[in-house]
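Heads up: the structure comes next, in structure tokens.
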There are 2 protein chains.
Amino acid sequence: MSTNPLLKGTLQTVILKLLEDHTEMYGYEITQKVKEISAGDVLLTEGALYPALHKLEADGFLETFTQIVDNRVRKYYRLTEQGGKEVTNKVTEAEAFIDQLQTLLSLKPAVK
Amino acid sequence: MSTNPLLKGTLQTVILKLLEDHTEMYGYEITQKVKEISAGDVLLTEGALYPALHKLEADGFLETFTQIVDNRVRKYYRLTEQGGKEVTNKVTEAEAFIDQLQTLLSLKPAVK
DNA sequence: TTATATACCTAACAAACTTAGGTATATAAA
DNA sequence: TTTATATACCTAAGTTTGTTAGGTATATAA
């Protein structure tokens, strides 16, 4: 019943931020890290994650390389130089969004 | 150029919250109130607003009545009883979303 | 008479999800 | 041994929710 896009358009921002903090990650690892950080509250669906990664790569923000571990393929992602700049932009945008939403919903904890 | 869904899936929540605080509002008034509260940062597009209002009404969260003012029609919206409960749900959901996003982006100001 | 503000609306398109599949290997449990 | 779970990648159909771009109409200021 829950039509619940958990990250509401901020998935790209979260991915970029994780890659800023962890340098190199593969898709499955990202789902686990998000689950861990959010204490199990945010469960990325693969149908959202993989297309998002491919788009970020196509846009020039990520680059990839593959490794074989235990006979299984891992596709690692890493920020490009352009991607490094984009993290800052997207995080700033997310902060503004949170700020606006808190204002509109009267959730601001204190006066700015 | 800005593909900027300013409210990223929270438009319904914002509308319901405004109607909780102001009892009765019409569409155009909502756009002006959002602009005012956000200091001009959030400009609702009518193509998003009106369908959202119609959906909230169809879902039983809002009821309407019309008034003529200066020969022009105003369609007022008001929360139904069910809508009154839904505000709480949706605002709680939005708070959780903000919290999760702040955690994932390392934006949390302090430890909880 | 032209532009801006007020006031409603819809339709075509795009973005970003969910849901539901598919392929394949390693390992723990029944 | 076979079944389930974890690991690891992927895509396609459908839905929701927005943008963009129109349309109609009245009041008022330039």
Side-chain angles (χ1 to χ4, degrees), chain A residues 1-16 24-36 40 42-59 61-62 64-77 90 93-94 97 100-101, chain B residues 1-16 24-36 40 42-59 61-62 64-77 90 93-94 97 100-101:
Chain A
M1 198 92 313
S2 67
T3 301
N4 201 0
L6 277 176
L7 291 174
K8 296 191 172 87
T10 64
L11 176 55
Q12 287 193 11
T13 310
V14 169
I15 291 170
L16 291 172
E24 287 168 0
M25 300 183 85
Y26 54 99
Y28 185 78
E29 187 184 10
I30 292 175
T31 67
Q32 299 308 302
K33 182 59 78 179
V34 164
K35 186 155 82 172
E36 178 199 325
V42 181
L43 304 176
L44 293 192
T45 56
E46 299 186 336
L49 176 65
Y50 289 112
L53 286 169
H54 300 161
K55 183 167 196 312
L56 287 168
E57 185 183 7
D59 289 345
F61 298 133
L62 300 183
T64 66
F65 62 97
T66 52
Q67 264 185 19
I68 310 284
V69 179
D70 286 332
N71 266 29
R72 266 175 275 148
V73 176
R74 284 183 186 172
K75 190 167 166 189
Y76 279 89
Y77 290 85
K90 282 231 160 48
E93 204 178 85
F97 166 55
Q100 287 162 356
L101 187 54
Chain B
M1 197 90 309
S2 68
T3 301
N4 202 1
L6 277 176
L7 292 176
K8 294 187 174 102
T10 64
L11 177 55
Q12 287 193 12
T13 311
V14 168
I15 291 171
L16 291 172
E24 287 168 1
M25 300 183 84
Y26 54 99
Y28 185 78
E29 187 183 10
I30 292 176
T31 67
Q32 299 308 302
K33 183 57 78 179
V34 164
K35 185 155 84 172
E36 178 198 326
V42 181
L43 304 176
L44 293 193
T45 57
E46 298 186 336
L49 176 65
Y50 288 113
L53 286 170
H54 300 162
K55 182 165 197 315
L56 287 168
E57 186 184 5
D59 289 345
F61 300 131
L62 300 183
T64 66
F65 61 97
T66 51
Q67 264 185 21
I68 308 284
V69 179
D70 286 333
N71 267 27
R72 265 175 275 144
V73 176
R74 284 183 186 172
K75 190 167 168 189
Y76 279 89
Y77 290 85
K90 281 230 158 54
E93 203 178 86
F97 165 57
Q100 288 162 355
L101 188 53

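Side-chain atoms are counted along with the backbone in the values below, which use heavy atoms only and exclude waters and symmetry mates. Quantities reported herein were computed from a predicted structural model and do not represent experimental measurements. Lettering follows sequence order; numbering is per chain, from 1.
- For D/dT17, neither phosphate oxygen OP1 nor OP2 lies less than 4.0 angstrom from any side-chain nitrogen or oxygen of A/Lys8.
- Considering only side-chain N and O atoms, B/Asn71 lies nowhere under 4.0 angstrom from the phosphate OP1 or OP2 of D/dA25.
- In this structure, B/Gly47 reaches the bases: a heavy-atom distance under 4.0 Å links it to at least one base atom across the strands shown.
- Pairing of D/dT28, defined by two Watson-Crick or G-U wobble distances under 3.5 Å, is identified with C/dA3.
- Between A/Lys75 and B/Thr10, it is A/Lys75 whose nearest contact on DNA chain D lies nearer the 5' terminus.
- Counting to the nearest Å, the P atom of C/dT10 and the NZ atom of B/Lys55 are 15 Å from each other.
- Rounded to a whole Å, the CG atom of B/Leu49 is 13 Å from the C1' atom of D/dT17.
- Side-chain contact between A/Leu11 and A/Leu44 is present, with at least one heavy-atom pair separated by less than 4.5 Å.
- The side chain of B/Tyr50 contributes an N or O atom lying less than 4.0 Å from OP1 or OP2 of C/dC8.
- Distance CG/A/Leu53 to CD1/A/Ile15: 4.5 Å, rounded to 0.5 Å.
- Mapping A/Thr45 and B/Val73 onto DNA chain C by nearest heavy atom places B/Val73 at the nucleotide closer to the 5' end.
- Taking side-chain N and O atoms only, A/Tyr26 has a distance below 4.0 Å to OP1 or OP2 of D/dA8.
- Using the Watson-Crick or G-U wobble rule with both distances under 3.5 Å, C/dA14 pairs with D/dT17.
- Residue B/Tyr28 places its side chain closer to C/dA7 than to any other of C/dA7, C/dT25, C/dC9.
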From CA spacing to verdict: salt bridge (Lys or Arg N to Asp or Glu O under 4.0 Å), A/Lys33, A/Glu36: CA-CA 5 Å; A/Lys33 182 59 78 179; A/Glu36 178 199 325; 3.6 Å; yes
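- To the nearest angstrom, C1' of D/dA8 lies 12 Å from OH of A/Tyr77.
- One interatomic measurement links the two molecules: CZ of A/Phe97 to P of D/dT17, which rounds to 14 Å at whole-angstrom precision.
- For C/dT10, one of the phosphate oxygens OP1 or OP2 lies less than 4.0 angstrom from a side-chain nitrogen or oxygen of B/His54.
- Expressed to the nearest 0.5 Å, how far OH of B/Tyr26 lies from CZ of B/Arg72 amounts to 9.0 Å.
- Atom CZ in A/Arg72 sits roughly 5 Å away from atom P in D/dA8 (whole-Å rounding).
- Put simply, CD on B/Glu46 is 12 Å from C1' on D/dT24, counting in whole angstrom units.
- Residue contacts for B/Arg74: at a heavy-atom cut-off of 4.0 Å it reaches the sugar-phosphate backbone alone, with no base atom in range.
- Atom-to-atom, CD of B/Gln12 to P of D/dT16 comes out at 11 Å; the value is rounded to the nearest Å.
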